[in-house]
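Inspection log for the structure reproduced underneath, given as structure tokens.
Quick note on labels: first sequence line is chain A, next is B, and so on, each numbered from 1.
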Amino acid sequence: LIDASPHDHAETFRLLADSLRSRRAGLLATHIQMMPDRHLSLSRHWLEQPVEKKNIKGLEEFSEGIVKTAHDDKPALLRAGTDEKEKAKQLLFLEPLFPLSQLVIAGAGHIGQAVARLGRLLDFEVTVIDDRAEYASRERFPEADRVVVDDVGRAVENFPIGPDTYIVIVTRGHRHDAEALRACIRSRAAYLGMIGSRRKIFLMREKFVSAHWASAAEFDRVHAPIGLEIGSKTIEEIAVSIAAELVKVRSESREQKATEDA
Amino acid sequence: MESRKNIYPEVLSRLEEKQRLALATIIETKGSTPQIPGASALFSEKGLLLGTLGGGIVEAAAQAKAVRCLPDSRSLIHDIELEGKPSAEARFPS
């Protein structure tokens, strides 16, 4: 489909962008009508989830297919009409759209920078947190959606962590790492990962358990040492191993969600 | 559930620029193709601005069509046939 006047649909795109920014999913419905002169007439509608039959206005003849697509979460092309000839004249293309998974990077050092870049590339919405304004800057993180300058522990705690949030802890030192971890270890985050040697992590685990900041089981949920084992040495390689782990966890969680929905 | 980022919020910001644009979207595929329904790309007279239809022949053909329908803003549905037959069978007879 080639829409030669997308300007006509600016309002729909605006509603869509607003919903996704507020982390609400929905369906973009493109109604395609073939006119007698073979000219196409297009209209676009944004249907925010949860889509219900009674909320579908102007597209009533497609309502069953719309509800089904809203549930399946897969793009669909619907045809309306009673006979073959009629069906070719009216189409409805449905695209389920979702807010992006959120990646929170605590620590704006070199690794944080490299992970932010990869995170953006991998379709995460990226937030970077550091207490040092000279590190957590727009200039150093052009690809981040948000850069927060604040006490790391407090900023992580204030972040609206949901089941689609991925947290990477790569601050400049153990103390800040521990503060960041403490702020999210009991959250619903899909992923928690922290950088550090096995020894550092072992000591931190002891501390967390003895101070009752987390149970042993809760601590063991943390991906630490962070990243997949690919023999990384350089900062960029470490970032790739972290990014690979994020992708792995994200696909697993999506697969699991798909199975639950089915 | 799809993880792909959609380009519509970016399309929206491009719409503020005063230039003719065409938004191409794959709405259906048959057989094995590198394209997926929902893949979208925004074209101006100069070519691709953002998004992708998966590259290759399809994107090039869509771009040519998109640029041609810009002047009179006539939307259309265009079928693109991918040439070539699967060769695996010929190479590896069972």
Side-chain angles (χ1 to χ4, degrees), chain A residues 1-21 25 28 30 32-35 37-42 44 46 72-77 88 91-101 120-125 164 247 250-251 253-255 257-258 261, chain B residues 1-30 35-45 48-53 58-80:
Chain A
L1 170 71
I2 294 170
D3 173 357
S5 52
H7 291 88
D8 299 349
H9 315 296
E11 190 48 38
T12 302
F13 294 136
R14 190 162 298 126
L15 292 172
L16 176 166
D18 286 347
S19 292
L20 295 180
R21 206 174 307 121
L28 174 63
T30 304
I32 307 163
Q33 284 170 286
M34 183 84 79
M35 294 313 189
D37 60 349
R38 293 195 51 80
H39 170 231
L40 292 186
S41 158
L42 298 181
R44 294 189 190 254
W46 173 244
D72 292 350
D73 287 346
K74 284 203 192 87
L77 185 65
L91 302 171
L92 187 72
F93 182 61
L94 292 169
E95 272 174 274
L97 303 175
F98 308 91
L100 298 178
S101 297
R120 172 68 187 243
L121 201 62
L122 296 166
D123 292 343
F124 283 94
E125 191 183 300
D164 201 22
V247 170
R250 185 173 60 182
S251 348
S253 106
R254 293 209 161 121
E255 229 155 83
K257 189 181 169 290
D261 287 352
Chain B
M1 182 161 160
E2 295 265 334
S3 67
R4 247 175 344 100
K5 186 173 183 167
N6 72 78
I7 65 167
Y8 300 115
E10 283 177 81
V11 169
L12 179 64
S13 53
R14 290 285 187 162
L15 291 180
E16 287 159 17
E17 300 165 15
K18 294 259 174 290
Q19 63 171 333
R20 286 181 188 275
L21 298 169
L23 177 59
T25 307
I26 306 275
I27 58 172
E28 194 173 38
T29 61
K30 279 176 187 143
Q35 277 71 35
I36 21 173
S40 296
L42 187 69
F43 298 97
S44 74
E45 276 150 355
L48 181 68
L49 288 177
L50 55 104
T52 178
L53 300 179
V58 172
E59 195 164 288
Q63 172 164 341
K65 275 278 173 191
V67 170
R68 241 177 292 151
C69 67
L70 278 174
D72 57 358
S73 299
R74 275 173 82 98
S75 300
L76 54 93
I77 290 181
H78 178 53
D79 283 316
I80 300 168

### Message
Nearest 0.5 Å, please: how far is NE2 in A:His9 from CG in B:Leu15?
### Response
9.5 Å

### Query
Just by distance, do the side chain of A:His39 and the backbone of B:Arg74 share a donor-acceptor pair under 3.5 Å?
no

### Query
More than 12 non-hydrogen atoms from neighbouring residues, nucleotides or ligands closer than 6.0 Å to CG on B:Asp79, yes or no?
no

## Note on the structure
Nearest heavy-atom contact between A:Ser5 and B:Ser73 is CB-CB, 4.4 Å

### Query
What is the minimum heavy-atom distance between B:Pro37 and A:Pro75, and which atoms define it?
O-CG, 3.6 Å

### Query
Rounded to the nearest 0.5 Å, what separation is found between the OG atom of B:Ser40 and the CD atom of A:Glu95?
5.0 Å

## Note on the structure
Greatest number of non-hydrogen atom pairs under 4.5 angstrom with chain B, of A:Phe124, A:Phe93, A:Phe13, falls to A:Phe93

### Message
Once side-chain hydrogen bond (donor to acceptor under 3.5 Å, both in side chains) is applied, do any residues pair with A:Thr30, and if so which ones, sequence neighbours excluded?
### Response
A:Arg44

### Message
Working to the nearest 0.5 angstrom, can you tell me the gap between B:Arg14 CZ and A:His7 NE2?
### Response
11.5 Å

### chain A neighbours within residues 58-66 of chain B, where any heavy atom lies under 4.5 Å away
B:Ala62, B:Lys65, B:Ala66

### Task
Would you mind telling me which of B:Val11, B:Leu21, B:Ile26, B:Leu70 has the largest number of heavy-atom pairs within less than 4.5 Å of chain A?
B:Leu21

### Query
At what distance, to the nearest 0.5 angstrom, does CG of A:Leu1 lie from CG of B:Leu23?
7.5 Å

### Query
Per the side-chain contact (heavy atoms from CB on, under 4.5 Å) rule, which among B:Leu76, B:Val67, B:Ile77 passes with A:Ile2?
B:Leu76

### Reported OH-to-OG1 distance for the pair B:Tyr8 and A:Thr12, which is rounded to 0.5 angstrom
11.5 Å

### Query
Considering only heavy atoms, which portion of A:Leu42 lies under 4.5 Å from any heavy atom of chain B: side chain, backbone, both, or neither?
side chain

### Message
Heavy-atom cut-off 4.5 Å, strictly under: side chain, backbone, both or neither for A:Ile32 against chain B?
### Response
side chain

